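FYI, side chains are in, hydrogens and waters are out, and symmetry mates aren't considered; it's all heavy atoms of this structure. Fair warning: this is a prediction, and the values are worked out from it, not measured in the lab. Chain naming here is simple, since letters A, B, ... match the order of the sequence lines and numbering starts at 1 in each.
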Amino acid sequence: MAPAKTDVRLLGEVFSPSDEMAAFTAAHPEAGGIVTFLGQVRCESGPGAVEALELKQYAAMTLPGMEALAAATRARWVLDGLLIIHRHGVMHPGDPIVFVAAAARHRRDAFAAADFAMDHLKSQSWFWKREKTATGWRWIEPRPDDHRDLLRW
Amino acid sequence: MAPAKTDVRLLGEVFSPSDEMAAFTAAHPEAGGIVTFLGQVRCESGPGAVEALELKQYAAMTLPGMEALAAATRARWVLDGLLIIHRHGVMHPGDPIVFVAAAARHRRDAFAAADFAMDHLKSQSWFWKREKTATGWRWIEPRPDDHRDLLRW
Amino acid sequence: MAAKLVFLGRLEDIAGTSELAVVPGPLEQVLAALDPALAVQLLGERVRMALNGALLGDGGGVVLVEGDELAFLPPVSGG
Amino acid sequence: MAAKLVFLGRLEDIAGTSELAVVPGPLEQVLAALDPALAVQLLGERVRMALNGALLGDGGGVVLVEGDELAFLPPVSGG
């Protein structure tokens, strides 16, 4: 078996999750199962609706941290391939924020790897988020859920 | 909130999972997270390699069973939408077999719903499988794993 | 008009057909008219039956009437 | 050549800039030269520090030399 292909990207521009899925699938014909997770900026309505979201990264730590997470994910499950793409910068409703794809011979490995990677991306990656609503920009504090998610592993 | 959109299809022809993902994502701008699972015919090599796979369905039960599974999945988790596509007929290496997509406000619901739907599709759906290798066609018996998977829920 | 037997999975290979029109009547009588080698397979303990799309607990007391469809379902093998 | 402070998240808003060139030296001395309102925020208990990309356990004993980059990291808020 060739070593698992790992592809980790921190992007400043919008990307197409379905195009990424097509390319990832084409690259892994040996995998029986592929799990993907797409997180996107929710389209909301009403006075509290988020009009834009900004993720700030820190070049010295954010991408290196994502690469370390990918390596930890690969080490923990038997994967044929792993893709992690994360946006930074300003995003608008409907824009993709994060896309994870895990290819594995066994379905369970693919599900667990994508789930694990997402829990850690959401709670431990070096991103600082602010949201713009009708009342202006506001920094977002961590959610208690993020910590609980980590305790699952 | 509008009722969860549910789309269940039993297809006799090849389909494009990434096109389905693009359409599903476009249909669910309100969802924060979308989890997909793609199961495909593995490309193998060597003397035991599977050259073709056939899934037989039973019209009176297979699609109705998939629809019941979709309803059970919707009832169990808070979803914005659920898509289940399953092939029948003869497939070749690289062809998609099954594609599940779950859209939800919360990531955990989307992961669990897709995982639950897959465990039940694999072990309880009315499909009979045979595989063609160099030595001819052979009917496939259920795997003990399939039963174990169900005990998770 | 007849009743219909439907053979799924490997039972189709054994029967040599996916469907068979039969004379309606009690299940025992329908099966007695088949090739005994096939009937034995149809009554295997892992083979379930569905009448017009609904699973049967067991075959006891089943009487096929005209238009009925009785399917013989070996264990499913997963998608 | 100077050392550099980097302010992430809300600290950038408080500092009014994302980066600040400072005279190298002990951290206490570097902070003492800043606006006291900013220095208090930088020393908040939930703010972590990273020197040249590596997290520090605490700031005790840190001495910045030329070319060093010291980042102040509020709690991350998830992707």
**Report entry** Portion of Pro17(A) that has a non-hydrogen atom of chain B nearer than 4.5 angstrom
**Finding:** both

Query raised in the report: Looking at CZ of Arg108(A) and CG of Asp119(B), how far apart are the two atoms once the value is rounded to the nearest 0.5 Å?
Result: 4.5 Å

**Report entry** Val41(A) portion near chain B, given a 4.5 angstrom heavy-atom threshold
**Finding:** backbone

Requested in this report: Mind listing the closest non-hydrogen atom pair of Ala22(A) and Ser18(B) along with its distance?
Outcome: CB-OG, 3.4 Å

Report task. Run the numbers on Thr36(B) and Thr36(A) for side-chain hydrogen bond (donor to acceptor under 3.5 Å, both in side chains), then give the verdict. Result -> CA-CA 5 Å; Thr36(B) 74; Thr36(A) 74; 2.5 Å; yes

Query raised in the report: Which region of Phe24(A), side chain (C-beta onward) or backbone (N, CA, C, O), has a non-hydrogen atom less than 4.5 Å from a non-hydrogen atom of chain B, or is it both or neither?
Result: neither

Report summary line: Distance col, row His28(A):NE2 vs Leu38(B):CG, nearest 0.5 angstrom, shows 12.5 Å

Query raised in the report: Is the side chain of Arg42(A) donor-acceptor paired with the backbone N or O of Pro29(B) at a distance under 3.5 Å, no angle test?
Result: no

Report summary line: All heavy atoms of Val35(A) vs all of Phe37(B), minimum pair found to be CG2-CD1, 3.5 Å

Requested in this report: Among the options Ala31(B), Pro96(B), Gly39(B), Ser16(B), pick out the one with the most heavy-atom pairs lying under 4.5 Å from chain A.
Outcome: Ala31(B)

Query raised in the report: Taking side chain as C-beta onward, heavy atoms only, is Glu30(A) less than 4.5 Å from Cys43(B)?
Result: no

Query raised in the report: Measuring heavy-atom distances to chain B, does Ala114(A) have an atom under 4.5 Å in its side chain, in its backbone, in both, or in neither?
Result: both

Query raised in the report: Met21(B), Arg105(B), Glu20(B), Arg107(B): which one forms the most heavy-atom pairs within less than 4.5 Å of chain A?
Result: Arg107(B)

Requested in this report: Select one option (side chain, backbone, both, neither) describing which atoms of His106(A) are under 4.5 Å from chain B's heavy atoms.
Outcome: neither

Requested in this report: Find the distance between CD (Gln40(A)) and CD1 (Ile34(B)) and round it off to the nearest 0.5 Å.
Outcome: 4.5 Å

